[in-house]
Amino acid sequence: MAEADDGGEGPMTVEVAYARPDRQVILSLEVSPGTTVEQALRQSEIDRQFPEIDLDNAKVGIFGKITRRDTVLRSRDRVEIYRPLIADPKEVRRQRAGKGKTKEKGGEA
């Protein structure tokens, strides 16, 4: 028996994922071959569960790699919606490194 999402003409399964610190959701969708990231996002209606998502401007990716919205999905792809960063990761690392250096110097006697 052939599977529906084997890359043939039938529907294929993809996922749309979004996570907050307190909750994460992964929605499974049946889409037609040729469906784009943008179309899957709209079809998922994930913004109804998470009104804070700005689907027009949110960064998106497939399995952790940022991608364009016109990217055509493959069977079993997971589209991820990324939240905006609250702090610049480089600056946070600099601050941590600065604290570590201060601690080392203060420890020498």
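Since the structure is predicted, the reported quantities are computational estimates derived from the model, not experimental observations.
In plain terms, the two heavy atoms of Ser32 and Met12 that are nearest each other are O-CE, 4.1 Å. The two atoms that bring Val16 and Ile81 nearest to each other are CG1-CD1, 4.1 Å, heavy atoms only.
Every pair tested for ring-ring contact (aromatic ring centres under 6.0 Å, His included) that includes a residue from residues 52-82 fails, sequence neighbours excluded, so the list is empty. Residues in residues 18-55 take part in these ring-ring contact (aromatic ring centres under 6.0 Å, His included) pairs, two or more places apart or across chains: Tyr18-Phe50.
Every residue two or more places apart in sequence or in another chain was checked for a side-chain hydrogen bond (donor to acceptor under 3.5 Å, both in side chains) with Arg48, and none qualifies. Here Leu27 pairs with Val25, Ser44, Ile46, Gln49 under the side-chain contact (heavy atoms from CB on, under 4.5 Å) rule; sequence neighbours left out. A search for side-chain hydrogen bond (donor to acceptor under 3.5 Å, both in side chains) contacts involving Thr67 returns Thr71, not counting sequence neighbours. Among residues two or more places apart in sequence or in another chain, the side-chain hydrogen bond (donor to acceptor under 3.5 Å, both in side chains) test is passed with Ser28 by none. When the salt bridge (Lys or Arg N to Asp or Glu O under 4.0 Å) test is applied to Glu80, the partners found at least two apart in sequence or on another chain are Arg78. Under the salt bridge (Lys or Arg N to Asp or Glu O under 4.0 Å) criterion, Glu38 pairs with Arg42, Arg69, sequence neighbours left out. Legend: residues meeting salt bridge (Lys or Arg N to Asp or Glu O under 4.0 Å) with Arg23, ordered by chain and number and at least two apart, are absent. The side-chain contact (heavy atoms from CB on, under 4.5 Å) search around Asn57 returns Asp54, not counting sequence neighbours.
In this structure, Glu52 pairs ionically with Arg20, as a charged nitrogen and a carboxylate oxygen lie closer than 4.0 Å.
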List the steps, then state whether side chain to side chain contact (heavy atoms under 4.5 Å, CB included) holds for Ile62 with Leu73. CA-CA 9 Å; Ile62 298 174; Leu73 295 171; 3.7 Å; yes
Go through it in stages, so that I can follow the logic: the residues are Val31 and Gln43, the test is side chain to side chain contact (heavy atoms under 4.5 Å, CB included), and I'd like the CA-CA distance, side-chain angles, deciding distance and then a yes or no. CA-CA 9 Å; Val31 298; Gln43 183 178 329; 3.5 Å; yes
